[in-house]
Amino acid sequence: MAGHLVIRITFIVLFTCELAEAAPSIAKPNCRSSCGHLQIPYPFGIGPDCYLDKWFEIVCNTTGGSAKALLTSMNMEIRQINISSSPLNRHYSFVPTVHVQIPIIYSKFCQLAGNHRVTNISGSPFNFSASDNTFISVGCDNFATIAGIFPKVFGCKSDCKRDSKVDKEVICSGFNCCESTNIPSNLQAFDVEFRSVNESNDREGVVKGCKYAFLVDQVWLKENKPDPSSVQYWEYVPVVLEWAIFQRNNNSREFFYLLKNRRKVNCSYPDVYTFYCDCAPGYRGNPYVEGGCEDINECEDNDLNYCGNKLECENTDGGYICNKRKSKSKMVIIGMSLYLLNYQNKYKTKNTNHIVT
């Protein structure tokens with residue numbers, strides 16, 4: 001009987017621990033939360049009633065052997081979705097993002113001239129990230145600029161002259177390839193205008209070779225393709241889009257007020273028409289689903305290590321407390337004191353038992 005009781009108690013304890021450690025769902029109840037290896041958090045979703053509105057509908061295409069997530073509203077393949085900030089980067093302002101594929105733009109004199117496709121997402125709650133992307137252009141006698149931005153000019157120049165005053169050891173320093181991290185904010189249409197560095201060549205109609213340009217995720221470029229000129233015959237490159245939720249109908253407005261009143265959620269407003277949310281400091285997860293923000297145990301996360309090595313960390317709901325560590329000498333003194341007190345009490349009791357009246 002005792003053995004069965006121990007087994008039952010052990011099972012209950014293990015089951016309770018599993019429930020406590022289970023991560024909260026990132027998708028709506030009864031909805032798919034992934035497409036292949038890509039996680040699909042709400043407000044994005046796969047299938048009816050699984051996404052917030054048409055802008056966040058995703059179709060998971062499994063033809064061809066590998067699963068690909070397609071954002072149907074803009075016909076773009078999604079590589080990554082970020083809905084909340086990292087606990088390590090809470091001192092930075094957070095904006096939710098998606099990583100998608102967009103085409104490279106070629107000049108009309110390239111063999112791949114048919115690929116001069118403008119990426120236009122105007123009217124959507126998405127825009128090209130000015131902080132996560134970089135502008136790259138490759139070609140000789142090349143002055144490439146982002147089209148349709150007035151009166152400012154965003155772009156870069158590259159040339160192939162041997163006497164060019166550039167550091168040829170640095171990739172995209174101006175020799176056959178140039179780069180600019182100065183991207184206009186809230187950009188929703190990406191097109192490129194190619195001109196010559198020498199303005200007289202433009203007037204005379206002189207063309208020197210093929211030129212191409214693209215916006216690209218800075219992290220991907222650094223980690224996967226350090227030489228941008230090697231993507232010449234690629235069709236697509238990854239780019240980062242920022243996103244928000246429109247407040248243009250009753251459902252989205254009710255959703256906004258629901259999230260705003262949750263204790264573990266903070267919401268921001270880029271403008272009067274849109275909003276996005278994040279888990280409050282001390283929590284992480286998906287702020288858009290009920291119970292999606294869970295407490296961060298700062299005391300168990302070695303990467304955070306808020307209290308350092310000299311203090312003892314105590315986790316609390318949404319925070320932590322750093323307590324002074326008890327020194328070993330104090331613990332020994334306390335232990336000896338308790339031992340002597342216990343011995344003294346036993347000695348008194350023993351002597352009392354021998355008193356003769």
Side-chain angles (χ1 to χ4, degrees), residues 22-35 38-60 69-87 89-90 92-100 121-129 131-132 185-186 188 240-296 317-318:
S25 175
I26 61 171
K28 285 185 70 174
N30 303 317
C31 293
R32 289 179 59 179
S33 61
S34 65
C35 175
L38 176 67
Q39 290 191 322
I40 310 295
Y42 191 75
F44 297 86
I46 302 171
D49 300 322
C50 289
Y51 48 87
L52 179 63
D53 56 44
K54 65 175 185 177
W55 294 112
F56 301 100
E57 179 185 10
I58 290 179
V59 171
C60 187
L70 185 70
L71 188 62
T72 60
S73 60
M74 298 185 295
N75 195 31
M76 291 180 172
E77 181 189 345
I78 290 188
R79 298 167 54 91
Q80 184 177 329
I81 302 174
N82 299 318
I83 57 170
S84 61
S85 58
S86 166
N89 296 324
R90 283 302 172 89
Y92 297 109
S93 59
F94 167 75
V95 178
T97 59
V98 292
H99 296 219
V100 299
I121 55 176
S122 299
S124 77
F126 299 85
N127 62 266
F128 294 99
S129 173
S131 58
D132 295 314
S185 58
N186 301 316
Q188 289 192 306
V240 181
L241 303 180
E242 298 174 351
W243 60 270
I245 298 173
F246 280 140
Q247 294 190 71
R248 293 181 176 176
N249 56 58
N250 291 333
N251 289 337
S252 60
R253 281 192 288 269
E254 289 176 3
F255 187 50
F256 166 68
Y257 288 116
L258 174 68
L259 296 175
K260 187 180 178 182
N261 291 326
R262 288 179 179 171
R263 181 178 63 86
K264 299 178 182 180
V265 176
N266 289 340
C267 293
S268 303
Y269 335 97
D271 52 58
V272 296
Y273 303 108
T274 60
F275 74 93
Y276 57 82
C277 300
D278 190 14
C279 291
Y283 302 90
R284 61 182 158 197
N286 187 350
Y288 302 101
V289 296
E290 187 174 358
C293 294
E294 62 177 351
D295 173 58
I296 300 172
D317 184 25

task: For the pair Arg262 and Glu290, evaluate side-chain contact (heavy atoms from CB on, under 4.5 Å) and give the outcome as yes or no after the intermediate values.
output: CA-CA 9 Å; Arg262 288 179 179 171; Glu290 187 174 358; 3.8 Å; yes

- request: Show your reasoning for whether side-chain contact (heavy atoms from CB on, under 4.5 Å) applies to Tyr288 and Tyr276.
  value: CA-CA 9 Å; Tyr288 302 101; Tyr276 57 82; 3.6 Å; yes

message: Working note: Val289 + Ile26, criterion side-chain contact (heavy atoms from CB on, under 4.5 Å); need CA distance, chi angles, decisive distance, verdict.
response: CA-CA 7 Å; Val289 296; Ile26 61 171; 6.0 Å; no

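Tyr283 and Asp278 share no side-chain donor-acceptor pair at under 3.5 Å.
Within 6.0 Å of CG on Asn30 lie no more than 12 heavy atoms contributed by other residues, nucleotides or ligands. Heavy atoms from other residues, nucleotides or ligands lying under 6.0 Å from CD of Glu77 number more than 12. Surrounding OH of Tyr273 are at most 12 heavy atoms belonging to other residues, nucleotides or ligands under 6.0 Å away.
Checked by atom type and distance alone, the side chain of Gln188 pairs as donor or acceptor with a backbone atom of Phe126 at under 3.5 Å.
Summarising the geometry of Gln39 relative to Pro41, their closest heavy-atom pair is O-CD, 3.3 Å, with the distance given to 0.1 Å. Nearest heavy atom pair, residue Ser124 against residue Met74, reads OG-SD, 4.0 Å. Across all their heavy atoms, Arg253 and Gln247 have their closest contact at NH1-O, 3.3 Å. What you find for Pro96 and Ile83 is that their closest heavy atoms are CB-CA, 4.4 Å.
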Going by atom type alone, with no hydrogens or angles, which donor-acceptor pairs under 3.5 Å involve a side-chain atom of residues 47-60 and a protein atom two or more places apart or on another chain?
unit_1, atom_1, unit_2, atom_2, d
Asp53, OD1, Trp55, N, 3.0
Glu57, OE1, Thr72, OG1, 3.3

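The NE2 atom of His99 sits 9.0 Å away from the CG atom of Leu241 when rounded to the nearest 0.5 Å. The distance from atom OG of Ser84 to atom CG of Asn286, rounded to the nearest 0.5 Å, is 7.0 Å. Here CZ of Phe44 is found 10.0 Å from CG of Leu38. Values are rounded to the nearest 0.5 Å. With rounding to the nearest 0.5 Å, the separation of SG in Cys267 from CZ in Phe255 is 8.5 Å. Rounded to the nearest 0.5 angstrom, Asn82 CG and Thr97 OG1 are separated by 3.5 Å. Separating the OG atom in Ser34 from the CD1 atom in Ile40 is a distance of 7.5 Å, to the nearest 0.5 Å.
Remark: Ser131 pairs with Ser129, Glu242 by the side chain to side chain contact (heavy atoms under 4.5 Å, CB included) rule, at least two apart or across chains.
A heavy-atom distance below 4.5 Å is not found between the side chains of Pro287 and Leu259.
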